[in-house]
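Only one structure is covered here, and it is reproduced in the block below.
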Amino acid sequence: MRIGFLGYGKIGKAVAAHVVERGDEVSFVQDPFVAEAGGIPIVTEADPELLAGTDLVVECAMASVLKDNFDAIIECCDLLCFSLTAFADESFLEHAKEAAQEHGHAIFVPHGAILGLDGIADGSQIIESISITTTKSPKSLGLNPADCTEAAVVFDGSTREACGAFPRNVNVHAAVALAGIGFDKTKSRIVADPSVSTNAHIIAVKGEGIEFEIHVSSFTTGGVTGIYTPLSACGSIDRTLGGAIGLAFV
Ligand SMILES: NC(=O)c1ccc[n+]([C@@H]2O[C@H](COP(=O)([O-])OP(=O)(O)OC[C@H]3O[C@@H](n4cnc5c(N)ncnc54)[C@H](O)[C@@H]3O)[C@@H](O)[C@H]2O)c1
């Protein structure tokens with residue numbers, strides 16, 4: 001398989017190395033801020049020729065970049081994307097679903113920083129409420145640490161609004177909204193806590209005869225991505241590309 005990368009930062013580099021380890025090929029890296037990628041062709045904007053020879057693009061840049069490049073990608077190949085807050089824009093989500101259908105390509109939604117997205121999607125018909133509380137340091141949330149000297153709720157509202165307010169920090173909320181009951185019914189709470197060095201998420205799901213609570217916490221290594229996501233991203237690539245041998249968790 002030939003895999004292209006839109007964005008080559010923390011997630012992109014980890015997944016590209018894993019693709020090579022699997023024996024698959026990295027067909028290109030599209031990232032205007034990258035000068036060297038171990039001999040992999042680097043482009044600054046979508047290249048129709050490279051896309052035509054690619055099976056799957058992994059987007060790991062940011063929501064606006066996903067939106068700008070979506071049409072060029074989905075015309076040619078499947079897409080696995082991490083910047084899921086882009087889909088809080090209802091017209092973009094509708095367009096994305098229609099375009100994927102029209103071109104016969106998939107949009108893969110990885111579980112990313114959390115667990116249980118598949119289970120939430122499976123139960124979506126009987127789920128009545130979902131709330132997510134994310135606790136991160138002010139720095140991780142892009143807030144001025146001087147303004148946040150103790151733990152405080154900095155957002156409480158719908159996931160759609162949260163995606164507008166914190167587009168780089170609530171991809172987990174967007175993933176849950178996509179899998180479950182949508183961006184308006186899913187409730188988001190964001191806590192800025194200067195005493196933490198983790199990204200923590202509590203997802204509470206209730207429905208007809210079901211109640212789940214999922215707690216996930218992952219150490220931060222700087223930036224928006226915790227230590228767990230690059231590992232989970234490699235697992236998602238394996239499940240997307242298939243070819244498992246032996247014990248496989250799907
Ligand atoms: N779904 C999830 O659970 C989850 C978890 C963690 C991170 N994320 C999201 O995944 C994305 C990547 O995360 P990361 O930690 O690898 O970020 P990162 O900051 O390490 O990397 C982002 C890369 O995008 C590149 N970029 C910037 N503008 C670009 C453009 N116009 N075209 C192409 N590339 C461009 C940057 O140069 C950088 O290399 C972010 O949107 C992040 O919020 C999602």
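Throughout, residue positions are numbered sequentially from 1 according to the sequence presented. We count ligands from 1, going down the list as the structure has it; atoms in each ligand are counted the same way.
On a distance-only criterion, S83 and ligand 1 share at least one N/O pair closer than 3.5 Å. Residue A113 has at least one nitrogen or oxygen atom sitting less than 3.5 Å from a nitrogen or oxygen atom of ligand 1, judged on distance alone. Considering backbone and side-chain atoms together, D31 places an N or O closer than 3.5 Å to an N or O of ligand 1. Looking at I11 next to ligand 1, an N or O pair under 3.5 Å apart turns up. Polar contact check, H111 against ligand 1: no nitrogen or oxygen pair lies under 3.5 Å apart. Looking at ligand 1, you won't find any N or O of F33 less than 3.5 Å from one of its N or O atoms. Looking at ligand 1, you'll find an N or O of F82 within less than 3.5 Å of one of its N or O atoms.
With values rounded to the nearest 0.5 angstrom, F70 atom CZ is found 12.5 Å from D68 atom CG.
Between A175 and ligand 1 there is no heavy-atom distance shorter than 4.0 Å.
Between E128 and K185, none of the side-chain N atoms (NZ, or NE/NH1/NH2) sits under 4.0 Å from a carboxylate O, so this pair counts as no salt bridge. D89 has a carboxylate O that lies under 4.0 Å from a charged side-chain N of K67, or vice versa, which qualifies the two as a salt bridge. Ion pair R2/E25 flagged as a salt bridge, since at least one NZ, NE, NH1 or NH2 atom sits closer than 4.0 Å to an Asp/Glu carboxylate oxygen.
A donor and an acceptor atom, one from each side chain of H173 and T159, are nowhere located under 3.5 Å apart.
Between F92 and F87, a ring centre-to-centre spacing shorter than 6.0 Å is recorded.
Nearest-residue assignment for atom 43 (O) of ligand 1 (options N171, V58, T229; heavy-atom criterion): N171.
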